[in-house]
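Just so it is clear: chains get the letters A, B, ... in the order the sequence lines come, proteins before strands, and each one is counted from 1. Values reported hereafter were calculated over all heavy atoms of this structure, with side chains retained and with hydrogens, waters and symmetry mates removed.
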Amino acid sequence: MIVILQVEQLSKSYNRRIIFEGISFTMEPGDRLVVTGPNGSGKSTLLKIICGLLQPSSGTVHLSNGSKKMDLAERKQCCGYASPEVNLYDRLTAYENLSFFAALRGLPPCRERMVELLKRLQLKEYMHQPLCSYSSGMKQRVKLACALLHEPCLLLLDEPSCNLDEQGRRALEELLNLRPLHGITIIATNETEEVEKFGQKLLSLGVPPGGAA
Amino acid sequence: MGKSCSLWVSRLAALLKKDLLEEFRTRYAINALLMFAVTALVMVSFAVGVNTLSATLHAALLWIILFFASMSGLGRSFVKEEEKNTAPALRLAAPAEVVYVGKLVFNFLIMLVLAALILLLYLFLLNPPLGSPALLVLVIFLGVAGLSGATTILAAIVARAANQGTLLPVLSFPVLLPLLITAINATRVAIEGGGVGDVSQGLLFLVAYGVIIITASLLLFDFVWSD
């Protein structure tokens with residue numbers, strides 16, 4: 001599916017504290033955006049608003065497929081999202097987690113795709129072990145697999161290389177390079193290396209009024 | 001229509017399978033419910049001793065144990081999703097109504113198993129007269145359905161609050177009071193040996209309560225579940 005993302009005059013505040021305001025940008029198919037900014041500047045909040053997990057204080061987010069604007073439920077289905085703040089089920093194995101989210105997203109049985117993703121992330125040997133026995137880096141890899149599972153047209157990654165070793169970072173880079181050409185990718189990070197690698201477009205969020213959180 | 005219906009059912013089945021698998025591996029809810037039920041039943045059994053209780057007291061004791069057992073375990077269904085930060089992933093991947101129905105079916109199954117165990121233990125420890133066993137099973141089935149329906153939506157509300165432990169029984173009590181009074185009355189009739197005809201209005205009320213609470217919850221759940 002080919003989509004266009006339009007963010008217009010987006011603002012968010014918590015208890016009268018403004019996190020960010022007046023953010024506008026448009027992303028065409030194939031665009032990659034890296035969002036940077038100091039702690040408390042609202043990088044994670046912006047990603048949550050774009051995928052529909054949070055409501056903005058003002059402004060709009062539109063994901064449109066041709067001339068048709070998607071509603072919130074359709075936007076959520078189109079998004080792949082991974083964040084250090086969002087966990088998977090640690091009593092289930094990596095394979096069970098992926099199967100569960102594949103079924104929730106209404107994907108047809110896709111064992112080969114799941115195994116392929118886990119293999120690329122060097123998790124194939126561990127895929128039948130529960131997540132509670134994984135290291136933080138391995139859990140992060142499963143989160144990435146989960147976000148990429150349904151080949152989302154809008155991929156949102158919050159600190160994607162968090163807890164990843166060099167091998168994991170290379171696997172992440174490979175997977176992002178394998179994304180469909182028309183897919184939109186937004187990455188929130190402060191890693192200079194990622195900004196240089198993935199930052200086709202750059203959005204720098206400033207220090208919020210009143211200082212960092 | 002048929003395709004969307006089968007998609008809905010497969011999502012529901014996936015959610016139910018996930019919850020059962022997690023419960024099977026941790027046994028958190030079933031252990032919490034069972035420990036409470038056994039402790040309460042043994043205490044009641046010691047307190048009653050050799051005294052004979054009236055049918056009304058038997059019915060009230062049984063439903064008090066069922067009510068507090070459900071409060072100690074069913075609230076976890078949503079609290080664990082929020083505490084372990086798995087709720088956002090669920091919010092993104094599944095429609096709200098699938099989440100509600102999945103959790104409801106899971107809670108209902110857990111409560112049904114537990115109610116059967118509590119009933120057997122109650123009969124063994126307190127030995128009440130049992131006039132109409134079939135009616136008693138029917139009353140408990142309908143009562144547990146209403147109890148699960150109300151507890152599931154209230155657990156979703158409570159999961160986002162700070163004092164989750166005490167909030168669920170406090171919030172649930174006024175909502176469940178009509179159900180509990182009707183169920184206690186119908187259970188009394190069953191213990192005394194009455195038939196379905198003697199308690200038909202009560203049974204109709206239990207059915208209506210379940211239908212209303214589940215329908216209202218389905219309509220309101222999206223507001224509770226989403227930001």
Side-chain angles (χ1 to χ4, degrees), chain A residues 12 14 44-45 47-57 71-93 95-109 129-133 139 142-143 146-147 149-150 152 154-156 158, chain B residues 1-31 76-103 105-106 159-160 221-227:
Chain A
K12 182 69 182 176
Y14 287 113
S44 304
T45 305
L47 261 57
K48 282 183 194 166
I49 292 173
I50 291 173
C51 70
L53 279 175
L54 276 181
Q55 292 295 317
S57 303
D71 62 23
L72 185 60
E74 287 172 319
R75 176 149 51 104
K76 283 181 180 175
Q77 284 296 307
C78 273
C79 280
Y81 175 67
S83 161
E85 294 173 24
V86 178
N87 293 330
L88 299 177
Y89 296 96
D90 62 3
R91 292 288 169 171
L92 305 187
T93 65
Y95 186 79
E96 284 166 347
N97 266 291
L98 292 190
S99 303
F100 170 60
F101 284 103
L104 281 192
R105 289 191 177 276
L107 300 183
Q129 289 176 19
L131 257 57
C132 56
S133 66
K139 284 181 188 170
V142 184
K143 286 184 198 176
C146 211
L149 181 65
H150 56 299
L154 175 58
L155 178 65
L156 304 162
D158 189 1
Chain B
M1 179 68 186
K3 195 183 169 192
S4 67
C5 190
S6 72
L7 178 61
W8 202 91
V9 172
S10 68
R11 282 171 162 166
L12 181 65
L15 189 64
L16 191 58
K17 184 183 163 191
K18 185 274 291 178
D19 277 340
L20 288 171
L21 212 53
E22 273 197 307
E23 182 55 36
F24 179 72
R25 287 175 188 168
T26 61
R27 296 191 186 89
Y28 184 90
I30 203 84
N31 278 350
R76 290 291 304 168
S77 54
F78 282 102
V79 170
K80 72 177 179 191
E81 300 277 3
E82 296 290 347
E83 275 180 358
K84 295 188 172 180
N85 286 329
T86 51
L90 204 52
R91 282 191 187 99
L92 272 183
E97 68 273 12
V98 172
V99 177
Y100 173 74
V101 178
K103 297 285 183 190
V105 174
F106 172 75
R160 296 190 145 197
F221 185 71
D222 197 22
F223 299 100
V224 175
W225 180 238
S226 304
D227 177 60

Open item on the list: For Phe101(A) versus Ala93(B), what's the shortest heavy-atom pair and its separation?
Closed with: CD2-CB, 3.8 Å
Task: Validation row: Phe100(A), Leu90(B) side chains within 4.5 angstrom (heavy atoms) - done: yes
- [ ] Taking all heavy atoms of Pro88(B) and all of Val86(A), pick out the closest pair and write down the distance.
- [x] CB-CG2, 3.7 Å
Open item on the list: Tell me which of these, Lys17(B), Lys80(B), Lys84(B), has more heavy-atom pairs under 4.5 Å with chain A than the rest.
Closed with: Lys84(B)
TODO: Give, for atom CG of Leu54(A) and atom CZ of Arg91(B), the distance between the pair rounded to the nearest 0.5 Å.
DONE: 9.5 Å
TODO: Output the option from Ser10(B), Ala13(B), Ala89(B), Ser226(B) having the highest count of non-hydrogen pairs under 4.5 Å with chain A.
DONE: Ala89(B)
Open item on the list: Please give me the minimum heavy-atom distance between Leu92(B) and Tyr81(A), naming the atom from each residue.
Closed with: CD1-CB, 3.4 Å
Task: Separation of Glu22(B) CD from Tyr89(A) OH (nearest 0.5 Å) - done: 6.5 Å
Task: Expected output: side-chain Arg91(A) to main-chain Arg25(B) donor-acceptor under 3.5 Å - done: no
Task: Heavy-atom proximity to chain A below 4.5 Å, by part of Thr86(B) - done: both
- [ ] Heavy atoms only, distances under 4.5 angstrom: which of Glu85(A), Glu96(A), Gln55(A) has the most pairs with chain B? Name it, please.
- [x] Glu96(A)
Open item on the list: With rounding to the nearest 0.5 angstrom, report the CG to CG distance, Leu12(B) to Leu104(A).
Closed with: 10.0 Å
